[in-house]
Amino acid sequence: MVRFDELAEQAHLVGDYAGHLTAVRMGELMADPAAWYREAAASGCSTLLGIALTQWLTTDPDAVPLAVLCAALDDARTRPAAISAVLARGVVDRTGELVIDSMGAEATARLDMLFHREADDVMHRLLVHAEPAIAASAAVSFDMGARARTHPAP
């Protein structure tokens with residue numbers, strides 16, 4: 001795992017994202033993302049750390065221990081993965097509440113993925129978010145997505 005991470009980081013430095021794309025494909029095949037996450041964290045494999053967390057939050061979000069989730073939100077390497085995984089879901093559960101509540105103005109860049117989103121629990125929670133930048137960005141993304149759905153490009 002460590003060697004894979006080294007090669008992926010070296011490739012990234014020269015503009016080759018094959019390592020990241022390979023990690024994404026590996027994530028889709030992870031039968032036990034929790035084990036992959038623990039191993040990536042123990043070995044310092046930043047390339048697979050976020051991918052494993054995304055898979056874990058996608059496949060079994062209730063199994064992610066609160067301490068692990070809080071640590072992931074405090075770590076710049078895994079915070080984007082945690083936010084993106086929750087935003088990709090349509091429901092707000094305990095995990096979703098914690099992640100969405102942790103979002104500040106810096107997280108608005110992650111909201112671009114909401115462009116084609118239907119109204120759901122996640123979108124509603126973002127629209128009434130305590131951080132004005134999050135609520136405003138969600139409103140704009142939702143409005144643009146609604147316009148694209150009702151007036152598709154020719």
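Residues Ala133 and Ala105 share a closest heavy-atom pair of CB-CB, 3.9 Å. When all heavy atoms are compared, the tightest approach of Gly44 to Arg77 is O-NH1, 4.5 Å. Summarising the geometry of Gly27 relative to Gln55, their closest heavy-atom pair is O-CG, 2.9 Å, with the distance given to 0.1 Å. Summarising the geometry of Pro132 relative to Ala130, their closest heavy-atom pair is CD-O, 3.2 Å, with the distance given to 0.1 Å. The shortest non-hydrogen separation linking Ala41 to Leu49 is N-CD1, 3.5 Å.
Taking CG from Leu53 and CG from Leu48, the interatomic distance works out to 12.0 Å, rounded to the nearest 0.5 Å. Once rounded to the nearest 0.5 Å, the distance linking CE of Met30 with OG1 of Thr54 reads 9.5 Å. Put simply, CD1 on Ile134 and CD1 on Ile100 are 9.5 Å apart, with the number rounded to the nearest 0.5 Å. Taking NE2 of His129 as the reference point, atom CG of Leu111 lies at 9.0 Å (rounded to 0.5 Å). Separating the OG atom in Ser102 from the CD1 atom in Ile83 is a distance of 5.5 Å, to the nearest 0.5 Å.
Among residue pairs with one or both ends in residues 58-70, none qualify as side chain to side chain donor-acceptor pair (under 3.5 Å); sequence neighbours excluded. Residues in residues 25-52 take part in these salt bridge (Lys or Arg N to Asp or Glu O under 4.0 Å) pairs, two or more places apart or across chains: Arg25-Glu28.
The backbone N or O of Ala81 lies less than 3.5 Å from no partner atom in the side chain of Ser84, so there is not a single donor-acceptor pair. Using a distance-only test at 3.5 Å, with no hydrogens or angles considered, no donor-acceptor pair links the side chain of Ser141 to the main chain of Ala138.
In this structure the side chain of Val99 never reaches within 4.5 angstrom of the side chain of Leu57, judged on heavy atoms. Taking 4.5 Å as the limit, every side-chain heavy atom of Pro61 sits out of range of all side-chain heavy atoms of Leu69.
Applying the side-chain hydrogen bond (donor to acceptor under 3.5 Å, both in side chains) rule to Thr95 yields no partners; only residues at least two apart in sequence or on another chain are considered. Partners of Thr47 by side-chain hydrogen bond (donor to acceptor under 3.5 Å, both in side chains), not counting sequence neighbours, listed by chain and number: Asp5. Checked against side-chain hydrogen bond (donor to acceptor under 3.5 Å, both in side chains), Asp93 has the following partners two or more places apart in sequence or in another chain: Arg89. For Glu106, the side-chain hydrogen bond (donor to acceptor under 3.5 Å, both in side chains) partners are Arg79, not counting sequence neighbours.
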Run the side chain to side chain contact (heavy atoms under 4.5 Å, CB included) test on Val91 and Val122 for me, step by step, so that the C-alpha distance in whole Å, both residues' side-chain angles and the decisive distance to 0.1 Å come before the verdict. CA-CA 6 Å; Val91 297; Val122 172; 5.9 Å; no
Could you go step by step and tell me if Arg94 and Leu66 meet the side chain to side chain contact (heavy atoms under 4.5 Å, CB included) rule? CA-CA 9 Å; Arg94 174 188 65 91; Leu66 189 58; 3.7 Å; yes
Decide yes or no on side chain to side chain contact (heavy atoms under 4.5 Å, CB included) for Leu126 and Met103, but give the supporting numbers first. CA-CA 10 Å; Leu126 292 170; Met103 292 170 63; 4.1 Å; yes
Might you work through the side chain to side chain contact (heavy atoms under 4.5 Å, CB included) test for Trp56 and Val68, ending with a clear yes or no? CA-CA 11 Å; Trp56 196 4; Val68 169; 3.8 Å; yes
